[in-house]
Amino acid sequence: FSPDGKRLASGSLDRTVKLWDIGAGQELATLKVYGNNYSSVAFSPDGKRLAAGIADGAVKLWDATTGQELTTLKGNAGGWIFSIAFSPDGKRLASGSLDRTVKLWDIGAGQELATLRGHSDRVFSVTFSQDGRRLASGSLDRTVKLWDAVTGQELATLKGHGSGISSVAFSPDGKRLASGGQDGAVKLWDLGASQELATLKGHGSNVQSLTFSPDGKRLASGSQDRAEKIWDAPTGRELTTFNGHGDSVFSVAFSPDGKRLASGSGDRT
């Protein structure tokens with residue numbers, strides 16, 4: 001979602017990024033770069049830019065209003081970009097890649113700031129804490145790593161998943177982290193103690209996307225089992241399950257007011 005909740009962006013294996021008018025339910029624009037698939041899209045915090053991670057290892061930036069291409073960040077040659085995230089101040093971008101690294105980029109200069117190494121397999125998910133001081137990454141190596149988002153120093157490694165990790169999400173207050181595994185489990189972590197708080201079970205397959213509601217009270221998960229679940233974030237209790245997609249759910253996102261949830265699926269909807 002755009003920060004004002006009026007637009008939605010989606011990236012696809014059909015090699016396009018689309019912008020949608022939520023109120024009207026209509027497509028606003030299609031952004032194309034021929035020959036490449038898009039794995040992740042994100043609005044900048046001010047809503048003025050849109051970024052997308054590409055299969056060829058690059059990140060593209062567009063003007064989110066006009067659709068004009070602004071720049072291409074290159075640094076993961078041949079390393080598919082699985083996840084991207086803007087820092088809360090909009091000055092930096094993080095990307096997680098097939099090449100097992102996390103990269104930090106200076107958006108204004110269009111330059112790479114740092115390459116964070118430590119994962120032993122592909123990095124499927126990256127996310128900033130809301131204060132912008134920490135970065136979390138989830139990997140096929142079954143670990144979540146916490147990094148100092150300014151210095152790039154590794155702060156902690158969270159272990160407990162029995163399978164690769166497809167998604168990570170900070171709670172709005174930055175005290176907890178959620179991680180989704182390919183075994184269908186969602187784990188909640190206390191970041192102060194670097195300890196597991198709970199394991200949420202209910203999905204039958206890979207949890208490919210996680211997001212907290214803006215107030216931090218709910219957690220949404222999207223899975224390869226074609227379902228989205230809403231959990232009570234403080235207790236880990238399952239609140240509801242949405243069924244309606246005909247294929248894997250790859251991405252879920254709350255609207256800024258927390259009243260709506262968007263989901264993207266392999267069924268092309």
Side-chain angles (χ1 to χ4, degrees), residues 1-3 40-49 51 53 59 61 73 75-76 81-97 100-119 123-139 141 143-161 165-180 186-197 209-220 233-234 253-254 256 258:
F1 279 95
S2 61
S40 182
V41 293
F43 277 98
S44 60
D46 61 9
K48 294 180 179 180
R49 288 167 294 178
V59 176
L61 291 169
L73 309 177
N76 293 89
I81 302 293
F82 290 112
S83 181
I84 56 170
F86 277 99
S87 62
D89 63 8
K91 295 180 179 180
R92 291 167 297 158
L93 188 87
S95 60
S97 172
R100 307 177 184 182
T101 68
V102 175
K103 287 186 180 290
L104 288 172
W105 308 84
D106 181 316
I107 298 299
Q111 294 180 339
E112 181 183 324
L113 292 172
T115 298
L116 313 184
R117 294 183 171 89
H119 284 295
V123 179
F124 280 128
S125 185
V126 293
T127 183
F128 281 94
S129 59
Q130 284 203 357
D131 62 8
R133 295 178 181 177
R134 290 168 298 169
L135 180 71
S137 56
S139 169
D141 67 9
T143 69
V144 174
K145 288 187 179 290
L146 294 174
W147 312 83
D148 184 308
V150 178
T151 67
Q153 178 186 358
E154 184 180 323
L155 300 174
T157 298
L158 308 179
K159 298 180 180 180
H161 278 283
I165 296 166
S166 297
S167 183
V168 290
F170 276 102
S171 63
D173 63 9
K175 295 180 179 180
R176 290 166 298 159
L177 187 86
S179 57
V186 176
K187 288 186 181 291
L188 290 173
W189 306 85
D190 180 324
L191 294 182
S194 295
Q195 292 181 343
E196 182 182 326
L197 291 172
S209 184
L210 291 168
T211 182
F212 280 92
S213 60
D215 62 8
K217 294 180 179 179
R218 290 163 296 164
L219 178 70
F254 275 103

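Hydrogens, waters and symmetry mates are skipped; everything else that's a heavy atom, side chains included, is used. We're numbering straight along the sequence, starting at 1.
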### Candidate list Ser166, Ser83, Ser209, test side chain to side chain contact (heavy atoms under 4.5 Å, CB included), partner Ser125, passing option
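When side chain to side chain contact (heavy atoms under 4.5 Å, CB included) is applied between Ser125 and each of Ser166, Ser83, Ser209, only Ser83 qualifies.
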
### Message
I need the single residue from Leu135, Leu177, Asp131 that forms a side chain to side chain contact (heavy atoms under 4.5 Å, CB included) with Phe170. Which is it?
### Response
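The passing option is Leu177.
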
First locate atom [atom1] of [X], then atom [atom2] of [Y], and finally report the distance between them rounded to the nearest 0.5 Å.
X      : Y      : atom1 : atom2 : value
His161 : Asp141 : NE2   : CG    : 11.5 Å
Ser129 : Asp173 : OG    : CG    : 10.5 Å
Gln153 : Trp147 : CD    : CH2   : 10.0 Å
Leu158 : Gln195 : CG    : CD    : 10.5 Å

Can you name the closest pair of heavy atoms from [X] and [Y] and give their distance?
X      : Y      : answer
Gly90  : Arg49  : O-NH2, 3.1 Å
Phe1   : Pro256 : CB-CD, 4.0 Å
Ser97  : Phe82  : C-CD1, 3.9 Å
Leu61  : Ala51  : CD2-CB, 3.3 Å
Leu146 : Ala136 : CD2-CB, 3.8 Å
Ile84  : Ala42  : CD1-N, 4.1 Å

### Query
His119 and Thr143: side chain to side chain contact (heavy atoms under 4.5 Å, CB included), yes or no, with the steps?
CA-CA 8 Å; His119 284 295; Thr143 69; 3.4 Å; yes

### Message
Can a donor-acceptor pair be found, under 3.5 Å and without considering hydrogens, that links the side chain of Arg92 to the backbone of Leu113?
### Response
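Between the backbone of Leu113 and the side chain of Arg92 there is no qualifying donor-acceptor contact (under 3.5 Å).
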
### Query
Would you say the side-chain atoms of Lys103 and Thr115 include a donor-acceptor pair closer than 3.5 Å?
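A donor-acceptor contact under 3.5 Å links the two side chains.
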
